[in-house]
Every structure is written in structure tokens, then in C-alpha cells.
Amino acid sequence: MDAFSEFIRGITRDNPILGLVLGLCPALAVTTSVENAIGMSVATAFVLVCSNVFISTLRKQIPSAVRLPIFIIIIATFVSIIRMVMEAYVPSMHAALGIFIPLIVVNCIIIGRAEAYASKNNVFFSFVDALGIAAGFLLVLVLIGGIREILGTGQIVAFGYTLLSLPINPAVTTMIMPPGAFLTIGIIMAVVNYQRAKKRAKGG
Amino acid sequence: MDYTISAPPHIKSKFSFRSINRAKILALIPVSLASVYFFGIPALEIILVAVLAAVATEYGIQRIFKKKVTIMDGHAALIGLMFALLTPPEAPIWIPIFGAFFAITIGKHAFGGIGSYVFNPVLVSWVFVRSAWGGFMTPMSIPNLGQLSDLVLENGAGLLVDVSPILLLGGVYLIYKKYIEWRVPLVFALTVFFFNQTVAFFSAVMSLIQEGVLNPLMYLATMFIFLEVTDELSYVMVGIVFFGILFLATDTPTSPVTKNGRLIYGFACGLLVSIYGYFGNYVDGTLYGIFLANAIAAYIETKTLPAMFGHESLLESSYRRIMKRIPSSLKFEVISDE
Amino acid sequence: MSESNKDTVVVIGKLVLISVIAALLLAITYIPTQAQLERNIMAAQEAILGELVPGAENFDPVEGPANVDGEREILYYRALDGSGNIIGYAFFQQQTGYGGPIMVAGAVDASFSTVLGMDVLRHEETPGLGARITTPAFQNQFDGAPVQQLALRSGGGSIDSITGATVSAQAVVTALNTKINQIKTAEA
Amino acid sequence: MSTTTTFLIESMAILGGLGLAVGLMLIFASKKFKVETNPLVEEIISVLPGVNCGACGYAGCSDFAERVVNENAPITGCPVGGFDVAKEIGGIMGQEVAEGEKQYPFIKCHGGLNCVDRFEYVGFEDCKAVMMLSDGEKGCSYGCMGRGTCVRACPFDALYIGDDRLPQVNKYLCTSCGLCITSCPNDVLAFAKESEKIHVRCVSHDKGKAVKEVCTVGCIGCKICEKNCPEQAITVTDFLAVIDQDKCTACGICVEKCPQNTIEAR
Amino acid sequence: MEKALLAIFLEGVFIKNFLIIQFLGLCSFVGVTKDVKSAAGMAGAVVFVMALAATASYMIYTYILVPTTMTFLDLISFIVVIAALVQLVEFVVRKNIPALYRSLGIYLPLITTNCAVLGVVMLNVQSEYNFIQSVVFGISAGIGFTIVMLMMSAIRERSSFVRTPSSIKGLPLAFLIATMLSLAFVNYFWVIPI
Amino acid sequence: MESKRLKTIPEKVVIPLKQHNGVACKPLVKKGDQVLIGQKIGESVSYYSSDVHSSVCGEVTGIEEAPNPNGNKVLSVVIKTTESEETVAFVPKKHPSQKELITIMQDAGIVEHYGAPTHTVLKPEGKKIDLVLINATASEWIGGKYATPKEYASQMMDALKLLMKASGAVKGAIIVRKDDEDSIEAFEGVKVDGKALRVAPLLGTRRLGHYFKDQGSNVVVASQERVLGRNILNFFTYNVTGRKVALGCNPTDVGVAVCGVKSAKALYDAVHEGKPYYETVISMEGAVNCPELMLVRIGTPFKDIVRECTFNGEIGKIIANGVITGIAQYTDEVPVTKGTTRITLLTKEQVLRDESLDCTHCARCVDACPVSLLPTRLHVLAEQGRFDECRKMHIQFCIECGRCSFACPSKIHILQLIRYAKNAIEQAYEDDTPKESPNLKLGCCGGE
Ligand SMILES: Cc1cc2nc3c(=O)[nH]c(=O)nc-3n(C[C@H](O)[C@H](O)[C@H](O)COP(=O)(O)O)c2cc1C
Ligand SMILES: Cc1cc2nc3c(=O)[nH]c(=O)nc-3n(C[C@H](O)[C@H](O)[C@H](O)COP(=O)(O)O)c2cc1C
Ligand SMILES: Cc1cc2nc3c(=O)[nH]c(=O)nc-3n(C[C@H](O)[C@H](O)[C@H](O)COP(=O)(O)O)c2cc1C
Ligand SMILES: Cc1cc2nc3c(=O)[nH]c(=O)nc-3n(C[C@H](O)[C@H](O)[C@H](O)CO)c2cc1C
Ligand code: SF4
Ligand code: SF4
Ligand code: SF4
Ligand code: SF4
Ligand code: FES
């Protein structure tokens, strides 16, 4: 087991959205813009890393009967912390992500990783795993957010900088509305499936 | 290789997917011509461009994914034409192009092509375009008409199809000729009719109450409102509603296959369209309403499957009770040569 | 039996311990962030008021009658210049939009003839549609707009509504009109 | 005590109390509603492919998992998962597995376009459907009809009908589940190992003359291969050559000698 | 904020439908909608837990957290309560209705991590609903959840009879259908005046 | 139309040893034997079997598996014919008893054209028959073919009496087709026990029972619409008598024996003319220039009959029986059997080659199905091999009428797929006899 491949695995095969198909709610709800996508991913990454490390540290102490409640308490603690911190120091981001910050608690990725990885592996690898998964989450969220924002508003504006703007006028407003989220992720998944099937048929 | 063998039956009906599509296109030609006459060149442009875009998209997709090219079955052209008819004449020319493209790609082929789609591709595309570029899809212009009554030549704001409800009645002929199934449009139309007449009836009763009328005969007399063309009903007598009833709701892949299911589906269409029309307008209402009905069609179907062994639904048992009264020799009607 | 009872006690003990630690961590985070939060709100309000009435030195809150708890609600602010003259009025007003309540901040000059500015503090409108009430393009229309013209263009005023989001635009206009009329009555 | 300390203690008391309550409740419930389950079964289910194809011979993946734990079903029983899954199940069950050689379906008929059709068939594209209407479309009643019952039986899209109207296997997609083999109404398919190089591509037991009438590549039972094989690996029984793969050394002599080009090296 | 119960109800069921407009509870939406039967079971379980959770959390929030000004502990206490409730339900169902347990299988524990349940609870707090409003909101969210689950599962069931391209089969198709449901809901129901 | 005998005697005939449902006959001849017309060449080996006779004089050249109109190969006696017309006499007992009649039927090889040996229909084991019907609705062409219409009617009446006697039934009826004026005219005023009968129209609840009472007779003639399909016997029985027969059961389960005109005529011939069942009347349809009725010998290969007719165009399809339920043949070597009513010929241009498109869920098949199934579902499930679900959707109750396939605008081979699934289900489940129809509520076997 080497750390780098564990990290990459989180982005590719075990990609939380495209591979494991977990944590869809935030992936769709907050990706109206790249900025929100990044904000959400960072918050999630914080919780993921902290809880993975914490749980793998304590993994020998946690009685299996109440494993789940304890995981949840740990995760909820970190979520509450990031929620309060964001509310205090980046209020606009907090407002934009709304209810989905507290909902990180129930993001299936985090509890899933705690269950499937952190409770079985040592601290270092749990840390790397969390980083990899978080990176995978970030990439997909930014991709979805980017597609939706550029098509939906004609430009990508993040943290005050206009990163990209298209001469599409008027923009496809539907893309930043709920249907746009489903459509984007549906098409992304179809493309990924298509490529995977093609690769497999060629023996990849 | 002298002879051909195949399983019986060795003859088949004259209806084919192709002839049905062609019949529908033919039935839409009159209203298309009328819209070109009244809206002028923009309407012609929209129709041509949408049909071409639809056919070209279909061709492209089938070539790219190495499927059999089926542009000759008329389905793509029909989708293009239907989208065009749902476009306002002043829409920029890229709207019908995008609409036809979206209908064929996402609406039709992403779901698997002919018969596999769950939502009417025309509606998928129209609703998407409407919610993306609401401003361009809102009908503005009023065709310049003479003194003809509304039913013959629509005197309101319009999409291309709104030009004349009467010219859409080719659809009724297609029902008569069995190109189109009758249950959905009939129940749909009846529901819309009774919904609006009932609304008119209640508002009449309410106004009597407000006026303090006590004479019960006066209340009874309001029943006659069902025989009138009330204001509420006149809002419905527009091209788009006729089009929805005859051409959109009757798209077979998006309606249930069971007989009872089709009746319920027609009712659902009528209700959803009327409710929206009551609060909003009938242009959006017809299209959104049928689109939403598409979404529940599958559920209606699962709930109306033929009864399981030994069980009978309420609907079926009453149906059977009625059937009992009918001479048994009529029940197994002989297949005639059409 | 006693063995498993002992286990149970240990398990519950651990659960309680984790809970307590969690509570401690949270409380420790809560205290500083809460303080910061209150400061944020104050700062945001001040900043907005200052932006809306650029020349003002001071804002004098006008409070309504006390409610049952003895608290007084701030109705609006008198904007005072260096010498204490009223140069305008600033206010916050909530109005229901398309997706939920919209919190609008606004200011009007002392003679109630010109709107000095408008800003949106909180809203739940559809991104890309109603949410465009926060864009400068929409908000700039209000800077210096005559109060009589304060209506959507479709209603005979000077404000361009947003395509596909009339409800949101109307809500902003209504908020301003309502509050300006209120202040006018109160000050008269 | 300062207000801060009170605050801290209060919050700890509340959450601690909640934890206590929840803990007590759960412990109570878990005792009261105890159900015996075997965690091994769940674990095995999680490593199985989950196709529920039934190729293992049991009613789906979970049934197989249960049998492995409770009835000693072979841990190598899932042909779809193959060696990898067997190894994982072995890990769970504490057993060792040795990797066997992979097998793929092999099409024992080379008729296709080389074999005459007796009639034109219009209908459902399926070999069994043709069989229901007649005893097969091809002049040879033993051979492949090329209507692709096997193709449709494969849950992994590993088969397709090639230009020669015979099925072809995509090795990368095939999982050796064997569903195609059981589906073929004419038993044209059989497993063959990668290392088995020489094959007779005919299944006809008809006499040479009858074969020649309908097919240009069928085995006519002339025994030339049998005579020429240096290893005596080939025997012709009932007008059909059969290769004993254990004896065959893949020298290729029979391939050269066969007058009908029925024997193939791959 | 005072709000008519009917308005809360219509909003919860249609206008702000949890699944396809608010994106709450999507994991079960795409995971358990392959056939109508299990979708109905899952929806039932979610609605049940939602109702329990809404009540329990309202009690905790109003009678413990607010009086002690410990509102910052809301999230953690809610989720602990929900987790405990779900596990309790799981125990009971497994013991008493094994058939249901088998068909819902792994999805029962998934409810713990279902955004919809926590979403109801958090939105109740955020919207400052009183008890009746909270319950109505909880019920309407549950109904909206169920309706969409049923529509989705029926459509997906039907999709098994048709020829969807293989790379679209499965999740991409589920999302395409969700796109359409979402388009339909978003556009249709805004006409309801509330 | 006169029925005419085939002009030439075929060079060879192929007589299948199994022309009925049940046990195949044991061959009585071997290769090289000389046989005469009417000579018994296959003997029944059980009650569910019926004898087979030679239809020509000649030499047996083989007993081999030969193509049969049902699509499979069947063990058959191949006879090379000679010009001779020597006949073996079949001497039935005069005034036979009930038991002897049954024996005569089995000896004379009388079989219903849908397969059941006639005696098993009249005397089913363990069941009692109280009503015999002759169904003359399916074959209006038989009127006036064997003889003049009046003769035909009286022969049928005689046959009905024989059938009633054989079965022990007290009542009997002949059902003709409503629009078959020839037959109605022929039967109008036929005398039974000195009483002239009227052809009674079956309408609504006025079924046979009504007319038995009304006409005060145990024998009536009634007219009725035609019903098509595989399980038509059950519907026919229900329509005519009001007795419900579940799909998968037989009319005999409710005490009704239904016979065809062909077997009735064969019985008449056997008893009164001493002629076993070795000849039958068939019609030619389709691309034939002059559709003609022909008296042909059983075992005559189709090609010998086809040769005597003229066609418009090149033959593309040869169908045994009609276009709706008939079986297409890949060779014209197949022989006429007791189950052959008709040979239909289509030209190469008439052969349908439409490619099946995807189902558009147009539900035309659903509307066409007389037993309220969902063919649109069944064909997909069958194609995908989801046979269990087919069962859940009552595929067993399909009466194989083919209306769904006929109606489908996507030209899907629905009936073929349904048969495919039924076949697979039959193999997977040994006893899958439906006991009650869910949609029609036809009741159980023997139940009202
Ligand atoms: C107004 C109108 C009337 C039609 N009338 C008939 C008709 O009387 N008979 C008919 O067979 N098809 C009719 N059709 C359908 C088509 O003209 C045509 O039959 C179809 O495209 C191809 O049918 P086919 O399969 O019979 O060739 C009509 C279509 C329209 C729009
Ligand atoms: C769609 C269709 C329906 C048919 N229906 C009937 C029918 O109702 N009655 C009929 O006598 N023949 C019908 N035929 C023709 C029959 O297949 C058959 O060839 C003909 O009726 C002679 O049948 P018979 O020998 O049983 O009288 C139909 C043909 C087709 C194509
Ligand atoms: C008494 C009776 C029983 C019949 N039973 C069958 C049957 O079991 N299977 C069948 O395919 N047709 C049955 N038929 C239908 C006719 O034989 C029908 O004419 C024949 O199948 C060919 O008809 P077609 O031209 O409509 O295909 C029966 C008809 C009669 C009168
Ligand atoms: C998905 C969707 C979102 C909408 N969002 C808004 C909005 O945020 N603000 C608004 O005023 N109207 C909104 N509308 C309503 C609509 O576009 C517009 O108000 C009317 O078309 C004209 O008033 C929305 C409509 C839809 C379908
Ligand atoms: S191998 Fe068998 S199943 Fe496959 S196409 Fe050939 S005959 Fe059909
Ligand atoms: S080709 Fe045959 S053995 Fe291979 S996966 Fe397909 S069905 Fe299974
Ligand atoms: S399914 Fe088709 S063949 Fe079977 S009874 Fe119904 S219509 Fe006739
Ligand atoms: S008639 Fe054909 S296309 Fe129509 S529903 Fe039936 S099978 Fe499908
Ligand atoms: S992330 Fe919302 S239910 Fe899984």
C-alpha cells in the first residue's frame, strides 16, 4: 500500500460522486457556482480529514456496539465547528451554502469512509485516504459547478475574479436551477460510463 | 432458400410507425400553412429550421453511435414540426434550432429512441427552453385577423399553433381513422370542459349568494351554464389546448398502455392543465400540465395492470358487471379486415 | 452476566465521554465565533447604512413602542451630517419575494423626493433569476431615483424588472415604497 | 465560577446526558430485539459482483454468500468474480485459493456463411425461436444458426455476431459465467482454455457426403487427421474428429492436412 | 414567522419538494427506486422516521436547548437522536417484520445518513416554526418525498422494458428522469399562489 | 362450388403415424410391403390414439422421420404409388352399440382437425358428456361440398345422432355461422324425428338451453358468429351454452363434446359408406388463381396439389392452414394430414419482411387482445428472458389468436415471442396448467 496510490484512488476509482455515488445532495445542491463548490468541498474536506484521523486514532477504543453513534458524534462535532467558524468569518459563503453545511453530518461519504476505512486503518493512511476522497469530491464539484455556472450565467466568477466568460447571451438559466444539476451530473456520468465501457472492451 | 418461414400471423395491419407519423404530419400541415399566412416569413423560417434541425440531429446521432438511420420514418420531422408550432413567431431563429436539437438528443435518444422515452421529447425541449429563456418563449404578437370568430381564427396572443383551433381538427379525423387512440383525448377534453364549466357554475352560484337571491329556481337555472360557452370555456378554446389534447397527450410512449390507465391519464392531463390554466394561463398550462402527466403515466400504469390471479380491482369488477348485460356474442368481436 | 454488565457500563461510559468532549470542543468554538458573529452583524449594518447615505456622519435609530418584553424595535435611522442636520433616512425592511423573505436596506433623502440607494441583505430567490436583485445592474437603478417613479416599468415607473423574475423585483420596490411612506407619516 | 465555566459545564452536562440516554436506550433495545445474524454473510455479499446472474447455481449473490458460510459451498463458486473475488472470499473465510486458468467460450462450428440456408426466416432474431418453427435454418442441423441466442444470454455484452454470421467472444468482457453455453439450443459452444490451441470447428455427425452438400468447411470424417497426428491425439467417432487436448502438442500438422480446413489453430 | 398551514403544506409537497428541488435525500432517491415496491417501503420508512425525528427534535430544541441558550448544540443533539431512533426502528423491524427488513435491507441504516430527515429538522429550526407548523412541514416533506419516489420508481421500472443505451442505463438514466421530474415540478407548481 | 378430386395420383405419399394429439401409432407395415387403399398401416396403441390408413395402392419404400406441416419431423410411412385403385373394405357393424361406435371411430381413424381423436372427445375418461355440438362455423365451405346442400344437412344430422349415441348425450346441436347463408338454407327445415327445425340465432342470453326448450327438441341447429384462435373451443362453448370453461381446461370438463364438420362427415362415411378416414377436403387460398376445394388423399405432398393450380407470381410462402394461425413451411414435401384444412400460398411480393421496430407502447395490441393481456409487456419480457415475470402477467392465458401481432404498427412478432416464452415456461415448470382465468373469470374446470 503506498500513500500516493491511495490518494489517487480517492479521485479515480473510489471517487465519491462518480465512483461510490455518495454525497449527492451537496454535490447537486450547492454547485450553482464554482465558488460555492469550492466552499462546500473545503468544509467537507475539513470534516472528512478531522474525523478520519480522529476515528482511526480512537479505533481501538471504540466499542463496536455503539460504533455508529460515536462516529456520528465525532463527525457532528467537527461539522458544528466548521459551521460556526464559517458563519463568523465567511458569512457570505455560509449564507450561500445554507442548510447544506449542517448536512455535511449526514454526507454519506464521511460516515462511509469512517466505517469502511478509518475504523480499519492507521492514522496516516486514514489521513491520506481522506485527502484523496476530498480531492475527488472537490474536483467533481468544481466540474459540475463550473459547467452549471458557465452555461447558466455565461461566466465563472469566483472570489471576486472573473475566471471565464462566454459570449453566450442570454445564458441557459435552467442550468443553475435544480433541473440543471440533475442534467449535468447525468451527462457527466453517462460520459464516464461510455469511456469506461469502451476501455473495458479494449481490455483496459 | 425457396420459401420464407415466419411465425403466424402471416398478414399484418396496414398501420405502421411510419404511416402514423406521416398522418400526424399531414394533419399538422393546415395549421402550419395558416401560421405562415398570418405570421409571415418568420413562421416559415421557424418551421423549416426546426424540421431541418431535428432531422439533421437525428441523422448525426445515428451516424455517430453507429445505429440504423431512421430519418425516413418521419418521427424526427414530426418532433421538429411540433416544436416549431410551439414557438412564438418573434423568437430568434436559434430557439427552434436549439429546441429541435435538444428534443432529439436529450428528449429522444438519451432515453433510447423511438418508444423508449418516458417524456414527450417536444415537451422536454419546450419546457427546458421556456425555463432557460423565458422571455423569448412568451407569446407576444397577435396575428392580424379579420372578423372571424375565435374558434376559426384565434384572436389572441399566440404561438404558431394558436392561429386556428379549427385547423387542428385533422387530429379528430386521425382518431376516427384509428391513427390516434381515442381514450386519452376524449377523457382529456371532457375533463377540461367540465372543470371549466364547473368553475363557471360555482362562480355563478357564488354571485347569486352575494346578491342575496333566495329563489331556489334561480339556483337551479344556473345549471344551464353547462350548456353555454362560458368565459372560462372560451379561454380553453385556443389552438394550444387542442394541440395538447390531440397531438401531445396522445404521444403513445408517454401514456400508459393499459386501457383503464389511459382513461386515468387523460383525466390527469385534463385536471393538471385546467388547474394551471385556472391560476395561470393555458399556454404554459397545457404544456406543463401534460409534461407533469407524463411523469405520472408510469405510475398510473403500474397501478392499472390486469388484476392478479383471483383478484379484481373495483374498476374491473364494475366493468365486468356492465359487460354482463351486454350480449355475450358481441364480446368476442370478429376481427374484420380493418 | 456481570461480565456483560460491566461491558455495558464501559460502553455507555465511553459514549458519555465522547459526548462530553464534543460538548467541550463545541463550547470552546462557540464563545469566540459568537462574539465575532455579533460584530459581523453590526459591522454589516453600519457599512450598508454608510454606503446608502454616503455623507452621513451618524445614524440615529428611531425606536418603536416597547413590546411585552420591554424591548424596542428599531424602525428606521435618521442620517445626520457632521452638524446634526437630518440629511436622509435609512431603513431595513422585509418583504416576501418569490422564494422567501427578502431583507432590503434602503435610504431616502430628507425631503422624501429621491431614493438614495438600495441594497439587499438576505434573500432566498432563485439563483440566476430572482437572485439578480443583488446585482449592481439592478441596484444602480435605485440610486437617485425619484420617489414618484419608484415602480416597475410595467407599473408606470422607472425600474426595469428582471426577465423571468418580476415577483422578486416587485418585492424590492414594494419594500421601499412601504417603508418610505411609513417614515413620511412618522416624521410628518 | 465565571460565566464561561458555567457555560462549559452546562453544555457538557446536556450533551453528556443525551449521550447517556441514547446509550442506555440502544443497549436496552439491542438486547430486547436481538436477532442472530452472521456478519460473514454480509461481508461476502459486499465482495460479490452483485449481478445476481445465478451462474453460481444459487438464487443470486446473497444466497450464494449464505451457502458459502453455512453449507460449505465452494469459495470459488462465483464464475463472474473469478479469481479476485474467490481470493477475497477466501480472506473472509480463512481459506486459500489457487488460481486456475481462465476459460472462454469457444464456437465449435465454422459454418456461418459457408453453410447453406434452407429457407428465409423472418421473425424474432433468436436461434431457439427458429428451432420452434422448424429444425433449424441451416442445411446442417448440428451447426450454429447465428441468430444469437447466446449473444442475448450473455449478461456482460461479451458476445456479438460477427460478419461471418458466427458469434465472437470479447475476452476482456467475458467473465466465464457459462450462460451462453447453456443457452445454445444446438450445443455449439463449449469452454476452452487459452492454452488449448488446436480445435475442430465442426459439430456435425452427418456423413461426409451430406456435410459436403451443405457446408464447405465441415468435418467429413475422412480420418486424414487421425492418421497424420503424431501424438494420436485425434480420434474420429461418428463422422466427427475429436481432439484430446491433453495429448495435443499444437504441432499443427492436422491443421495443414485437413482437406476441409475444419481444424484451426488459434 | 406566521405562515398559513396550507402554504407550508403545499410548499413542502410540491414547490420546495425535498428530492427534486431542494436536493435532500438523493442517495435513497437514486439507490432505492429500481422498483416501486422497495421505493414505497423506503419512503414509508423515511416518512415514519421524519415524523418521529421532527417531534423529538422539536422537544429537545424548545425545552432543553433554548432555555439553556445551548442552541449551538442543535445539530449534534438532533443527529444523535435521529441515529438512535433509526437504530431503534431497525431493531424493531428486524425482529418483528423480517420480510420488510430483508427488502429494505441496507437502506434502513442509510436513513440515518439521509439528508431528508435531518433536513426537515434543521429547516424547522431555521424557519422558526412552532410545533404544529413543524409537524405539518414534516408531513408535507414526507408526502412530497413519497410522491416523487413513487413516480421515479414507476418510471424506472418501466424503463426496464425499453432500450436505453447501455452507458446511460442505471444512474445516468435515473438522473435524466430526475431532470425531467425537476423541470416539471419547478415549472408547474410555481403557479400555485401562496 | 364443387369439391373435385385431385386429378393425378401423387407419385408417393407420406403418411404420418401421428396425426392426432396423444400416442403415435405403431406401424403395421414394413419396407417393401404392398398396401391397398384403406388398408390399416398404423395401429393405435392406447385409448389416446387413432388408427392410420393408407390412401393409395403401392409399395412401402420406407418408414422414416419426414417433415410434417407442424414444422417438426414425424415418423411416417412413405408409399410409392401404383395406378391401381384396389380398396380394402372397411365393414362396420350394422346398428352399432355405443361401445362399438367408439371402436369404429378409433378403427376408422377419425380425428378432430385440431388434433384430438374424436372418440376421446365423446367419451373422455372419467367425465360424462350430456351435450354434443358440431361446430360448422369455422368452415362454411363445407356446405354443399360433399353433396348437395340438403344432403349435406341430412348427413350432418345423421352424424350428430351417431355422435350423441357414441357419447351417451341426450342433447345435440349443430352451430353454423351467422353469415353463411348456404348452410343456413341447407339446415332450414331439416326434419328431426318428423319435426322440421328452424335455424335459431344465438343472441345474448338466448343460448342453446333456450332453444332446446323453445323448439321442444333435443336437437337444434343454431347460428353464431365465428371465433378465431387457439383456445376458441372454450369461448365457443361459453358463447353457445353459457357454460364457463377455464383456459387450460376442455369443454368436456363441463360435459360438452365439440366436434368439427370434417370429423362428423368422416364418421358418417365410416358408418354408412364403409370408408375409413383417408381422404379429406382442403381449400386453396392466397395467390391461387382459382381458389378451389379439393378432395385429396391424406399423405399427398403439398407440391402435388400446388402443381395442379395456377399462380400469380412466384411462390414465396407455403402455409398449412390459414394466414392467421397457419404454419409456414420451408419445403413443399410436407404431406396433407387430418389436421390440414387449407393450403395458403403467398407470392414472394406478398411475404411480409418488415423489420421489427422498437415497441412504441401504442397499446394497439392491448386493445386487440381478446383476453385482456398486455402483449406489449409480454413480448419485451419474453425477449429479455424474464419468463417469471411473463408468468406473473398471465402469459399462460394467451389464446394465441395473433391479433396483437396483426395490430402492431412496429411489426413486432409478438405472438412468436409469446410462444417462445410459453415454451420456455413449459420446460421450466412441469405443470403450469392455468386453473382460472383472471381476466375473463371463466371459472374452473367443471365449475360454473
Ligand atoms: C386530414 C387527413 C386525412 C387522411 N385521410 C386518410 C384516409 O382517408 N385514409 C387513409 O388511409 N389515410 C388517411 N390519412 C393518412 C395519410 O394520408 C396516409 O394514409 C398515411 O400517411 C400513409 O398511409 P398508408 O400506410 O395507408 O400508406 C389522412 C391524413 C390526414 C392528415
Ligand atoms: C385480420 C384477419 C382477420 C380475419 N378474420 C377472419 C374472420 O373473422 N372470419 C373469417 O372467416 N376469416 C377471417 N380471416 C381469414 C382467415 O384467416 C381464414 O383464412 C379464413 O377465414 C378461412 O378460415 P376457415 O377455414 O376457418 O373458414 C381473417 C384474416 C385476417 C387477416
Ligand atoms: C371445433 C373447433 C376446434 C378448433 N380448435 C382449434 C385449435 O385447437 N387450435 C387452432 O389453432 N384452431 C382451432 N380451431 C380453429 C379453426 O381450425 C381454424 O379455421 C383453423 O385454425 C385455421 O384458421 P385460420 O384460417 O383462421 O388460421 C378450431 C375450430 C373448431 C371448429
Ligand atoms: C424555476 C423557476 C424559478 C423562478 N424564480 C423566480 C424568482 O426567483 N423570482 C421571480 O420573481 N420569479 C421567479 N419565477 C417566476 C417566473 O419566471 C416569472 O416571475 C414569471 O414568468 C413572470 O412574472 C420562477 C419561475 C420558475 C419556473
Ligand atoms: S452458438 Fe448457438 S446460440 Fe449462439 S448463435 Fe450459434 S446456434 Fe445460436
Ligand atoms: S460470453 Fe458466455 S461465458 Fe462469457 S460472460 Fe458472456 S455468457 Fe458468460
Ligand atoms: S396476447 Fe396476442 S395472441 Fe395472445 S390472446 Fe392476446 S392478442 Fe391473442
Ligand atoms: S402494438 Fe406493437 S408497438 Fe404497439 S404497444 Fe403493442 S407491441 Fe408495442
Ligand atoms: S447525501 Fe443526501 S442522502 Fe446521501
Side-chain angles (χ1 to χ4, degrees), chain B residues 1-20 68 70 73 75 112-116 178-181 183 251-259 261-262 297 301 305-312 316-317 320 324-335, chain F residues 202-205 224-228 235 238-239 242 315-319 323-332 344 346 351-354 357-364 366-367 370 372-374 376-377 392-394 402-403 405-411 413 415-416 419 436 438-439 441:
Chain B
M1 276 250 293
D2 281 349
Y3 305 127
T4 304
I5 73 166
S6 59
H10 304 285
I11 49 169
K12 299 213 165 166
S13 79
K14 65 170 180 162
F15 290 104
S16 68
F17 187 59
R18 194 166 160 162
S19 72
I20 291 170
K68 194 163 171 287
T70 59
D73 65 16
H75 192 236
I114 296 169
S116 301
K178 303 214 165 113
Y179 281 88
I180 297 180
E181 197 267 344
R183 284 182 181 78
D251 189 31
T252 56
T254 60
S255 40
V257 293
T258 53
K259 289 182 192 175
R262 271 173 274 155
E301 195 173 284
L305 291 181
M308 287 306 286
F309 200 81
H311 293 270
E312 239 182 342
E316 277 168 328
S317 61
R320 198 159 57 84
K324 250 188 184 164
R325 308 245 158 96
I326 296 173
S328 60
S329 57
L330 293 181
K331 272 189 254 174
F332 305 109
E333 86 253 43
V334 177
I335 321 176
Chain F
L202 295 173
L203 256 186
T205 49
Q224 155 79 40
E225 304 261 9
R226 175 160 180 217
V227 183
L228 278 171
F235 295 104
Y238 175 69
N239 275 7
I315 302 172
K317 213 178 207 179
I318 298 184
I319 302 162
V323 286
I324 294 292
T325 53
I327 299 171
Q329 306 296 325
Y330 60 83
T331 162
D332 51 14
T344 308
L346 300 181
V351 172
L352 297 177
R353 293 195 182 76
D354 296 287
L357 301 174
D358 288 353
C359 170
T360 61
H361 303 263
C362 70
R364 279 163 200 257
V366 180
D367 293 349
S372 311
L373 297 176
L374 283 187
T376 167
R377 270 299 133 71
K392 284 198 194 117
M393 303 207 71
H394 316 301
R403 289 170 199 220
S405 292
F406 179 83
C408 179
S410 288
K411 311 297 171 197
H413 309 282
L415 175 54
Q416 187 182 18
R419 284 185 174 167
E436 189 185 358
N439 301 319
K441 292 282 182 298

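By convention in this document, chain letters (A, B, ...) are assigned in the order of the sequence lines, proteins followed by strands, and residues within each chain are numbered from 1.
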Enquirer: Counting only heavy atoms closer than 4.5 Å, note whether F/L357 contacts chain B via side chain, backbone, both or neither.
Expert: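 Just the side chain, heavy atoms under 4.5 Å.
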Enquirer: With only heavy atoms counted, which part of F/V351 is less than 4.5 Å from chain B, the side chain, the backbone, both or neither?
Expert: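 Looking at F/V351, just its side chain touches chain B.
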Enquirer: In terms of heavy-atom pairs under 4.5 Å with chain F, which of B/S255, B/P8, B/G115 leads?
Expert: B/P8
Enquirer: Please flag which part of F/C362 lies under 4.5 Å from any non-hydrogen atom of chain B: side chain, backbone, both or neither.
Expert: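 Both parts, backbone and side chain.
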Enquirer: Measuring from F/K392:NZ to B/L305:CG, what's the distance to the nearest 0.5 Å?
Expert: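 Taking NZ in F/K392 and CG in B/L305, the distance rounds to 12.0 Å.
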Enquirer: Shorter than 4.5 Å, heavy atoms on both sides: which option in F/C408, F/S410, F/G316 has the most such pairs with chain B?
Expert: F/G316
Enquirer: I need the F/K317 NZ to B/S6 OG distance, nearest 0.5 Å.
Expert: 2.5 Å
Enquirer: Do you know the tightest heavy-atom contact between F/Y330 and B/Y3?
Expert: O-CD1, 3.4 Å
Enquirer: Distance check, rounded to the nearest 0.5 Å: F/I318 atom CD1 versus B/I5 atom CD1?
Expert: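 Taking CD1 in F/I318 and CD1 in B/I5, the distance rounds to 12.0 Å.
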Enquirer: Report the option among B/K68, B/K12, B/R262 that has the most heavy-atom pairs separated by less than 4.5 Å from atoms of chain F.
Expert: B/K12
Enquirer: Using a 4.5 angstrom heavy-atom cutoff, name the option from B/T252, B/D251, B/I114 with the most pairs to chain F.
Expert: B/T252
Enquirer: Check whether any side-chain heavy atom of F/R364 sits under 4.5 Å from a side-chain heavy atom of B/I20, and report yes or no.
Expert: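 Heavy-atom side-chain distance check passes, below 4.5 Å.
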Enquirer: Under a 4.5 Å heavy-atom cutoff, which of F/L346, F/D332, F/T331 has the most pairs with chain B?
Expert: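 Top option by heavy-atom pairs under 4.5 Å: F/D332.
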Enquirer: What heavy-atom pair brings F/G402 and B/P9 nearest, and what distance separates the two atoms?
Expert: O-CG, 3.6 Å
Enquirer: Mind checking the CG-CZ spacing from F/D358 to B/F17? Nearest 0.5 Å is all I need.
Expert: 9.0 Å
Enquirer: Among F/L374, F/T376, F/L415, which residue has the highest count of heavy-atom pairs closer than 4.5 Å to chain B?
Expert: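 The residue among F/L374, F/T376, F/L415 with the greatest pair count is F/L374.
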Enquirer: Can you say whether F/I327 sits under 4.5 Å from chain B via the side chain, the backbone, both, or neither, judging by heavy atoms?
Expert: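 Just the backbone, heavy atoms under 4.5 Å.
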Enquirer: Closer than 4.0 angstrom, basic N to acidic O: yes or no for F/D367 and B/K178?
Expert: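 No, this pair does not count.
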Enquirer: CZ/F/F406 to NE2/B/H10 distance, rounded to the nearest 0.5 angstrom?
Expert: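 Result: 13.5 Å between the selected atoms.
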Enquirer: Calculate, to the nearest 0.5 Å, the distance between atoms NE2 and CD belonging to F/H361 and B/E301 respectively.
Expert: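 If we round to the nearest 0.5 Å, F/H361:NE2 and B/E301:CD are 7.5 Å apart.
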Enquirer: Go through the atoms of F/S405 and report whether side chain, backbone, both or neither lie under 4.5 Å from a heavy atom of chain B.
Expert: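 When you check distances to chain B, atoms from both the backbone and side chain of F/S405 fall under 4.5 Å.
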